[in-house]
Amino acid sequence: MNPGDVKKFIVAGGALVVLVLVSCGLTGCKTPWSKDGNQSDSSTSNTNTTEIPGLVPDPGEAGKATIPGIITNSKGIRDDIYNYILINHQDSEKTREALFQEARVLQNALLDANDKVKSINHGDEITRAGDCLRYISPQDASKVENSFVSMFINTDARHKAFEAFDRQIGGQSFAGTPYDQRKTACTFTPDSLPN
């Protein structure tokens, strides 16, 4: 297949769920700043989080009480995920923005998991968010995305919502963005960011 060809992705029911369940089963899906937490990305393992600008207060267990969690940051995503992105991707504003995009669509997918039409729309949005991340970080996108998803789906209720979403989109196909047009999959302007 030529790089410019539109790739078709058929969502294999449960494949991502298995990845997340195995990952969380091994790590407990602990946040990187929690006591004995798992640091999914070693790029910042020696960083003192008090030195990272923009962090919001850790929502702790209260942030796990509901699927939407606690949102106080300007990006409109869960505070635990917002902090995770800032902590683990300090070196790239573009990567942070791509993950903020993916966090918003994953959050909507979990909240709308019982609606087939909305789930299919979110499946398409997730495909585009992944294409944006692959544009920003082509060599590391899979590693970054796998770590991110395992942190995102970190409670039983979120696992169940993701499984429901996965069932809704089972068997659907989503057109990927052509390789040379992946920048257009981003909901922000990558070229306007320094790194």
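When all heavy atoms of S147 and S150 are compared, the closest pair comes out as O-OG, 2.9 Å. A pairwise comparison of heavy atoms in A185 and D131 identifies CB-CB, 3.9 Å as the closest pair. Of all heavy-atom pairs between T127 and G176, the closest is CG2-CA, 4.1 Å.
Looking at residues two or more places apart in sequence or on another chain, you find a side chain to side chain contact (heavy atoms under 4.5 Å, CB included) between A103 and I77, I81, F148, F152. When the side chain to side chain contact (heavy atoms under 4.5 Å, CB included) test is applied to A65, no partner is found at least two apart in sequence or on another chain. With sequence neighbours left out, K75 forms a side-chain hydrogen bond (donor to acceptor under 3.5 Å, both in side chains) with E97. Applying the salt bridge (Lys or Arg N to Asp or Glu O under 4.0 Å) criterion to E145, with sequence neighbours excluded, gives R134. Residues satisfying the side chain to side chain contact (heavy atoms under 4.5 Å, CB included) criterion with N121, sequence neighbours excluded, are V117. Under the rule for a side chain to side chain contact (heavy atoms under 4.5 Å, CB included), the partners of T66 that lie at least two apart in sequence or sit in another chain are P68. Under the side-chain hydrogen bond (donor to acceptor under 3.5 Å, both in side chains) criterion, D124 pairs with R128, sequence neighbours left out. Applying the side-chain hydrogen bond (donor to acceptor under 3.5 Å, both in side chains) criterion to T72, with sequence neighbours excluded, gives D79. By the salt bridge (Lys or Arg N to Asp or Glu O under 4.0 Å) test, R78 pairs with D80, sequence neighbours left out.
Listed by first and then second residue, the side chain to side chain donor-acceptor pair (under 3.5 Å) pairs that reach into residues 105-119 are D112-H122, sequence neighbours excluded. Every pair passing side chain to side chain donor-acceptor pair (under 3.5 Å) that includes a residue from residues 185-195 is listed here, sequence neighbours excluded: Q101-T187, K183-D191. The stretch residues 59-83 participates, sequence neighbours left out, in these ring pair (Phe, Tyr, Trp, His ring centres under 6.0 Å) pairs: Y82-F100.
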Any chance you could lay out the side chain to side chain contact (heavy atoms under 4.5 Å, CB included) test for I169 and F174, step after step, and finish with the verdict?
-> CA-CA 10 Å; I169 63 172; F174 301 95; 4.2 Å; yes
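Residue L106 is grouped with residue L86 when hydrophobic side chains (ILVMFWY) are merged at heavy-atom distances under 4.5 angstrom, including chains of intermediate members. One hydrophobic cluster, built from ILVMFWY side chains closer than 4.5 Å, cannot hold both L193 and V144; they sit in different ones. In the hydrophobic cluster analysis, where Ile, Leu, Val, Met, Phe, Trp and Tyr join through side-chain heavy atoms closer than 4.5 angstrom, L99 is grouped together with L110. Residues Y84 and I70 are members of separate hydrophobic clusters, defined by side-chain heavy-atom contacts under 4.5 angstrom among Ile, Leu, Val, Met, Phe, Trp and Tyr. Using a 4.5 Å cut-off between side-chain heavy atoms of Ile, Leu, Val, Met, Phe, Trp and Tyr, with links allowed through other members, I126 and I67 fall into the same hydrophobic cluster.
Using a cut-off of 4.0 Å between Lys/Arg side-chain N and Asp/Glu carboxylate O, E61 and K64 are scored as salt-bridged.
Contact check for P194 versus E93: side-chain heavy atoms found under the 4.5 Å cut-off.
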